[in-house]
Structure formats: structure tokens, C-alpha cells
Amino acid sequence: GMGSFMLPVSMGEKYKAIVSTTEGIKKEFSLPEPEANRLALSITERNGVIHYTILHTPQKKLSENLYLVAHIRGFLLFIQPIEKEQGAINLQSVPEGILTLTILDGNYLPHSERLAFVRRENNSVWKLTPDKSSYDSRSPVSLDIHLSDLSGQPIKGNFSLSVTDNYAIGCDSIGDNILSNLLLTSDLKGYIHQPGYYFVSPSPRKQTELDILLMVHGWRKYDMSQAISTAPFTPLQLPEAQLVLNGQVKSTILKNKLKD
């Protein structure tokens with residue numbers, strides 16, 4: 001299972017989590033030690049608006065050169081200076097998917113990051129019309145696909161379609177599908193159990209569960225300190241300039257190398 005709780009901490013103290021199962025198995029996990037010069041980003045979503053709060057210790061004051069960076073599915077939404085400890089983000093024009101919020105300082109070094117899921121209501125109407133009422137085995141199938149909004153106006157965009165055998169592949173409404181893969185699992189690290197569950201009959205409870213999922217599986221895709229730092233470094237993998245294949249061609253009869 002997954003969950004969340006608030007833990008008041010004191011400087012200089014060490015903390016650990018003890019997890020016990022119903023079978024009597026116990027495991028201990030050391031928690032990170034509190035640091036006085038760190039920031040944390042806390043968010044809540046109400047009525048299409050994300051309200052954020054920057055948490056810090058009394059010894060830590062907000063720097064004048066802090067910026068909030070927001071991006072979703074690789075598209076940069078905005079970079080805005082942080083003037084107060086609290087603020088709000090209107091989600092009206094933000095597309096659906098995982099929204100990444102990062103606090104950067106004047107040297108573009110990250111201090112805190114938080115993921116949030118932006119959900120949109122399904123306002124589309126699909127209509128599929130086959131050219132025949134029944135088909136013979138291996139006969140071609142022609143479908144007329146019409147997509148419109150609630151007012152009947154056609155919708156423009158890029159769309160994905162999956163066609164499977166109804167008898168060979170069972171329908172799993174809570175398994176991974178096109179929707180859950182594009183909007184959720186492809187942006188998270190690790191195994192996501194039944195990701196389609198979060199998209200069937202959305203509710204405030206599922207939105208809360210989805211927020212906990214993002215806190216459990218959230219991760220940094222890139223180390224920004226290396227990507228934007230002026231200090232030189234050698235990348236582990238160089239960009240590919242061409243495709244190179246190495247190998248040998250041998251005769252299947254004589255088992256020796258062939259010339260040219």
C-alpha cells in the first residue's frame with residue numbers, strides 16, 4: 001500500500017521508519033537527516049488551481065534569486081521568479097498529464113521538486129460506423145471514425161488507435177493502456193500496479209491516491225547541476241554521429257570466415 005503523513009523533525013536528530021507486515025516481518029529504513037539550509041515544495045489542488053507553499057526552517061530564509069519552473073511531457077510552460085512563500089498556478093491552459101514543478105536558484109541549481117497530475121474531463125464523443133453488419137473470416141474491415149466535442153464540432157489533433165483480437169486478448173480496464181501509458185507510466189520510474197485504475201471513473205479519492213503515487217514514484221530525469229553548470233565534465237555516452245555494425249560473416253558449411 002501507499003500513504004503519506006507529516007513528520008515534525010528536530011535538527012541533529014536521526015529518524016527511521018519501521019515497517020511491520022501481518023506475517024510478523026519487520027524492516028527498518030533510515031530517513032534522511034534534517035538539514036537547516038533546505039527547501040521543500042508543498043502543493044494542494046482546488047478547483048483547477050494549484051496552491052503551493054515553500055517550506056523551510058526558521059534558520060533558512062528565502063533567497064531573492066529563486067525561480068519556479070513548470071514543464072509537462074517535455075514542454076516548458078513557464079519560468080517565473082518566486083517573490084513570496086506562497087503562490088498559485090491556474091491549470092486552465094495546462095494540458096493533461098504529469099506536471100513537474102522545480103525550484104531553481106540564480107545559478108539554475110534545483111532545490112526542490114514536486115509532481116502533480118493535471119486531469120481533464122473527457123468532452124469528446126466517438127462514433128464508429130462499420131461498412132457491414134457482419135464479416136467473414138479474414139475479410140477486410142472498413143470503419144468510419146468520427147470524433148467531435150459535446151456540441152458536435154469536429155476535434156483536431158493527433159490520435160492513437162489500438163486494434164486487438166477480442167478472443168485472443170482479454171480486456172483489462174485497470175491495466176496499462178494507451179491513456180495510462182501516455183499520461184502516467186511513461187513519466188514515472190518503477191513498476192506501477194494497475195495504472196488504468198486511476199483513469200476509470202475519476203473521483204476526488206482517486207485523485208488523492210494518484211497524488212500519493214507521484215510522491216512515491218517521482219524522480220528526477222536529469223541532473224540539472226551537470227547539464228547547466230559551467231564546470232567541464234565528460235559525458236558517459238557521446239552522441240551518435242553514424243550507425244556502426246561490428247561482426248563476422250561465416251560459412252554455414254565450412255565454418256570459416258568468408259572473404260569480402
### Task
Check the pair Tyr52 / Arg114 against side chain to side chain contact (heavy atoms under 4.5 Å, CB included), numbers first and verdict last.
CA-CA 10 Å; Tyr52 67 85; Arg114 183 68 158 81; over 6 Å; no
For [X] and [Y], which heavy atoms make the closest approach, and how far apart are they?
X      : Y      : answer
Ile54  : Lys84  : CD1-O, 4.3 Å
Ser124 : Leu147 : CB-CD1, 3.6 Å
Leu128 : Ile145 : CG-CG1, 4.2 Å
Val118 : Glu96  : O-CG, 3.0 Å
Pro95  : Leu77  : CD-CD2, 4.4 Å
Ile43  : Leu115 : CD1-O, 4.0 Å

Any donor-acceptor N/O pair, [X] side chain to [Y] backbone, under 3.5 Å:
X      : Y      : result
Lys14  : Ser30  : no
Lys26  : Ile18  : no
Asn107 : Leu109 : no
His56  : Leu39  : no
Tyr15  : Ser10  : yes
Ser112 : Ile103 : no
Ser4   : Ile212 : no

### Query
What class does the angle between the rings of Phe199 and Phe117 fall in, given that below 30° is parallel, 30 to 60° is tilted and above 60° is perpendicular?
perpendicular
### Task
Applying side-chain contact (heavy atoms from CB on, under 4.5 Å), name anything that partners Asp131, two or more places apart in sequence or on another chain.
Tyr135, Ser142
### Message
side chain to side chain contact (heavy atoms under 4.5 Å, CB included), that's the test. Do Asp211 and Glu45 meet it? Break it down for me.
### Response
CA-CA 10 Å; Asp211 190 59; Glu45 191 271 331; over 6 Å; no
#### Entry: Distance-only side-chain donor-acceptor flag, Asn177 / Ser180, under 3.5 Å
yes
Could you state the interatomic distance from [atom1] ([X]) to [atom2] ([Y]), rounded to the nearest 0.5 Å?
X      : Y      : atom1 : atom2 : answer
Asp176 : Leu182 : CG    : CG    : 9.5 Å
Glu209 : Met2   : CD    : CE    : 7.5 Å
Leu99  : Arg73  : CG    : CZ    : 11.0 Å
Glu33  : Glu13  : CD    : CD    : 10.0 Å
His111 : Leu41  : NE2   : CG    : 13.0 Å

Do the side chains of [X] and [Y] join up, straight or via other hydrophobic residues, at under 4.5 Å, putting them in one cluster?
X      : Y      : result
Ile155 : Trp126 : yes
Met215 : Ile98  : yes
Leu55  : Leu7   : no
Leu183 : Val216 : yes
Val200 : Tyr198 : no

### Query
Would you call Ile50 and Val94 a side-chain contact if the rule is heavy atoms closer than 4.5 Å?
no
### Query
Would you call Thr129 and His146 a side-chain contact if the rule is heavy atoms closer than 4.5 Å?
no
### Query
Taking only residues two or more places apart in sequence or in another chain, which ones pass salt bridge (Lys or Arg N to Asp or Glu O under 4.0 Å) with Lys16?
Glu28
### Message
Could you work out, with salt bridge (Lys or Arg N to Asp or Glu O under 4.0 Å) as the rule, every residue matching Arg119, not counting sequence neighbours?
### Response
none
### Query
Under 6.0 Å from the CZ atom of Phe75, do we count more than 12 heavy atoms belonging to anything else shown?
no
#### Entry: Residue pair Ile79, Leu104: steps toward the side chain to side chain contact (heavy atoms under 4.5 Å, CB included) verdict
CA-CA 10 Å; Ile79 302 177; Leu104 301 180; over 6 Å; no
### side chain to side chain contact (heavy atoms under 4.5 Å, CB included) evaluation trace for Asp187 with Thr100
CA-CA 10 Å; Asp187 275 343; Thr100 302; over 6 Å; no
